[in-house]
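As structure tokens, the structure follows; a few thoughts come after it.
Heavy atoms only: backbone and side chains are in, while hydrogens, waters and symmetry mates are out. To find a chain, count down the sequence lines: A is the first, B the second, and so on, and within it residues start at 1.
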Protein chains: 2
Amino acid sequence: MTKKEQMVVEAKARAKVLKALAHPTRLWMLEQLEGGEKCVCEFVEPLGLDFSTVSKHLAVMKQAGIVEDEKRGKQVFYTLKVPCVLNFMHCIEAVIAAGNNS
Amino acid sequence: MTKKEQMVVEAKARAKVLKALAHPTRLWMLEQLEGGEKCVCEFVEPLGLDFSTVSKHLAVMKQAGIVEDEKRGKQVFYTLKVPCVLNFMHCIEAVIAAGNNS
DNA sequence: TTGTTATTTGGCAACATAACCAAGCATAAT
DNA sequence: ATTATGCTTGGTTATGTTGCCAAATAACAA
């Protein structure tokens, strides 16, 4: 594999993770997970979304490796697996603060 | 505006920036921009994409406030406006390294 | 002026995403 | 055993994204 091909492969893997972060609902849930594990049901009402929709959003983040799930009784609890994703928000804020000159 | 509404508004703004990052082609271009400004034409051949496609990708990042453009002569040069976006890649790598347990 | 080069814009087709609802599957309660 | 709860999966629809092509624009060259 050439160096360029390698970079493309890596870019794809990174894009998958970023895509999993790039949704307001998922970002909001991640922020909630900063305070510790939450079960699916705890997101449903505050978000005003269908149970299935919330479940699917969590599945996207799980698939990307950002969160972990654990079934206990009837409930499934999700945890932040790689907390550093939240640190990045400072940089994102800098982008927003800088504004767009379009 | 309630605290929760505020958080949703902020999550939307952040999601927009993350969405602009969440594409392999755009990530690859950002990495190239780490070495300094590049004109649109410099991306076209290495990526093997249409000129218009490359231009649109750059427009997405400009709109999000990640890059800036400057026209000089016939060419348009793009620069990284908020270089910290590249630092985040370390965390993304951590997510990838951790893998998914699905 | 006419042509050429660098880039953007508009249009369209293919594909992906996000929402809902309904149905399925465990686990716990009666 | 039956019912209820918590969650996931499949189906559908609406919407968004990405790619190409063709046409428009802008700057420079002949």
[X] [atom1] to [N] [atom2], straight-line distance once rounded to whole Å:
{"X": "A/L27", "N": "C/dA18", "atom1": "CG", "atom2": "C1'", "value": "15 Å"}
{"X": "B/F77", "N": "C/dA6", "atom1": "CZ", "atom2": "P", "value": "11 Å"}
{"X": "B/E70", "N": "C/dA6", "atom1": "CD", "atom2": "P", "value": "18 Å"}

NA contact type, B/Y78, heavy-atom cut-off 4.0 Å: base, sugar-phosphate, or nothing? sugar-phosphate
Determine yes or no for a side-chain-to-main-chain donor-acceptor pair under 3.5 angstrom, with A/H90 supplying the side chain and A/N87 the backbone. yes
If the condition is side-chain contact (heavy atoms from CB on, under 4.5 Å), which residues does [X] pass it with, not counting sequence neighbours?
{"X": "A/F51", "result": "A/V40, A/C41, A/V44"}
{"X": "A/E10", "result": "A/Q6, A/R14"}
{"X": "A/K71", "result": "A/V76"}

Scan residues 52-61 of chain A for pairs that pass salt bridge (Lys or Arg N to Asp or Glu O under 4.0 Å), counting only residues two or more places apart or in two chains. none
I'd like to check the salt bridge (Lys or Arg N to Asp or Glu O under 4.0 Å) partners of B/R26; sequence neighbours left out, ordered by chain and number. none
Got a sec, which residues hit salt bridge (Lys or Arg N to Asp or Glu O under 4.0 Å) with B/E42, two or more places apart in sequence or on another chain? none
So which protein N/O to nucleotides 24-30 of chain C N/O distances come out below 3.5 Å?
none

Interface with DNA chain C, restricted to residues 32-58 of chain B and to heavy atoms under 4.0 Å: B/C39, B/V40, B/C41, B/F51, B/S52, B/S55, B/K56
Sequence neighbours excluded - disulfide (SG to SG under 2.5 Å) pairs with any residue from residues 44-81 of chain B: none
Kindly state each residue pair satisfying disulfide (SG to SG under 2.5 Å) with at least one member in residues 45-85 of chain B, sequence neighbours excluded. A/C91-B/C84
Chain A reaches DNA chain D, atoms under 4.0 Å from its heavy atoms, from D/dT5 to D/dG11
Contacts of A/F88 that satisfy ring-ring contact (aromatic ring centres under 6.0 Å, His included) - sequence neighbours left out: B/F88
